[in-house]
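So you know, we letter chains A, B, ... as the sequences are listed, proteins then strands, and number each from 1. Please read all numbers here as calculations on a predicted model, not as lab measurements.
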There are 2 protein chains.
Amino acid sequence: MSQPATDPKRRPRGAMRQRILDVALQLFIDQGYEATSLREIAERLDVSKAALYYHFEQKAEILIALHLRLHEVGLHVAKRLDDLDTGADPVKAWLSLLDEFIENLKANRDLLLLHQRNMQAIRQIVSEAHENQAEHEEMEERIRRVLSDPRIPLRTRVRMGCALGAVIGTLLDIDSMFAGVSIDELAVLVREAARDLLA
Amino acid sequence: MSQPATDPKRRPRGAMRQRILDVALQLFIDQGYEATSLREIAERLDVSKAALYYHFEQKAEILIALHLRLHEVGLHVAKRLDDLDTGADPVKAWLSLLDEFIENLKANRDLLLLHQRNMQAIRQIVSEAHENQAEHEEMEERIRRVLSDPRIPLRTRVRMGCALGAVIGTLLDIDSMFAGVSIDELAVLVREAARDLLA
DNA sequence: GTCTATATTTCGATAGAC
DNA sequence: GTCTATCGAAATATAGAC
């Protein structure tokens, strides 16, 4: 009903939309969302500013679209959070959450970088967009809840947080930290360190 | 010669300047540098926009002043980095660097938050201000150099990075992670975890 | 779908009185 | 040191032709 009535096999559907998102993602990571103008995005794509408005009603929608991409990717990690809520050994569950997270990070480092470097803008825009629906609870929120769960000893919770911090700190900004080392090689070592932390 | 000719004992010297910096710091942390207008800062201080320009020639100077504050604070940590360069046991040196860092973080969490959340803006503005002088090498740069030093086994370097990530990840955004736990209590546990990581 | 205008708003910054 | 008033630039967004 709501799908466009064109042949679904005719592929370049929304191709321009994707190109916009790709360029915006790079610029938002490098300069930040607020510091990036639609003019810049349009110039890189060699189209006019107005062309962008055919694909997105507002600038904020570009950021939201990218944020949603990350959200889909994060669903697997969220599943592991459910395990944590439903009993089971929290340390074990956390370790497999970290594994899932590392895989996600390897495959979508740019989206996570976007999130890390534009949290303020994303928070503000998303909260305005959903108004008060509360709809999907943010993964961060759920992580915070686990780390505040009094049923888990504080010492353990802190180490869970440390392990997560270690993963993010070493694998996300890899280029500026361990330039030249492959991410896979790093991931193995970090995973091992996280395990030691929670042993 | 260049000092103002007023009585140096008459204290509220630059009091307004400090109030501006304090308000700006809070807003830059909450909303980001680019998303914060001088109008907002002026409103919070209940002065006019133009008043701000008596104390700072440009908006960017406010950010630079805050960045310099952080720089002074970071000098102690930088000393520990020297130890790392001049031989000695890198693991031991790293641990005492982390201790110094944790103390700094406890005393100046807001400045570090500012830095973490406005890296892009700071980088761009600072690089424009110093043009090509290269003057003071940024601490991050020095940390990266240590973590790339081939004389230290990769496994050790990764763990050094993990330990730093653990400290930052758990102690910097403390309010959103371990709400309700005192930072001192947390710091003890994180310090211990870092030591285990590098054991 | 993309273009050339243009409207509208807001921002950083300045001039000059007090 | 602070104000009012204003400037010029740049940003988001829209109108309407093609």
For nucleotides 14-18 of chain D, which of its nitrogen or oxygen atoms have a protein nitrogen or oxygen under 3.5 Å away, and what is each distance?
none

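- Considering B:Ile143, B:Leu97, B:Val146, B:Leu197 as possible partners of B:Met160, the one that fulfils the side chain to side chain contact (heavy atoms under 4.5 Å, CB included) test is B:Val146.
- Side-chain proximity of B:Met16 to C:dC3, D:dT2, C:dC11: nearest is D:dT2.
- Side chain to side chain, B:Gln124 and B:Glu128 meet the donor-acceptor criterion of an N or O pair below 3.5 Å.
- For A:Ala51, the side-chain atoms get nearest to C:dC3 when compared with the rest of C:dC3, C:dA13, D:dC3.
- We find that A:Asp46 and A:Arg19 are not joined by a salt bridge, their nearest charged nitrogen and carboxylate oxygen being 4.0 Å or further apart.
- Side-chain contact, A:Glu140 with A:His115: a donor N or O sits under 3.5 Å from an acceptor N or O.
- Using a 4.0 Å heavy-atom criterion, one finds that B:Ser37 contacts the sugar-phosphate atoms exclusively.
- When the C1' atom of D:dT12 is taken as reference, atom CD of A:Glu61 falls 13 Å away, rounded to whole Å.
- Among residues two or more places apart in sequence or in another chain, the salt bridge (Lys or Arg N to Asp or Glu O under 4.0 Å) test is passed with A:Glu141 by A:Arg144.
- Residue B:Gln58 places no side-chain N or O under 4.0 Å from the OP1 or OP2 atom of C:dG12.
- Look at CD on B:Glu34: it is 15 Å from P on D:dA10, rounded to the nearest Å.
- Close to C:dC11, at under 4.0 Å from its OP1 or OP2, lies a side-chain N or O of B:Arg39.
- A salt bridge is defined here as a Lys NZ or Arg NE, NH1 or NH2 lying under 4.0 Å from an Asp or Glu carboxylate O, and A:Asp22 with A:Arg69 meets this definition.
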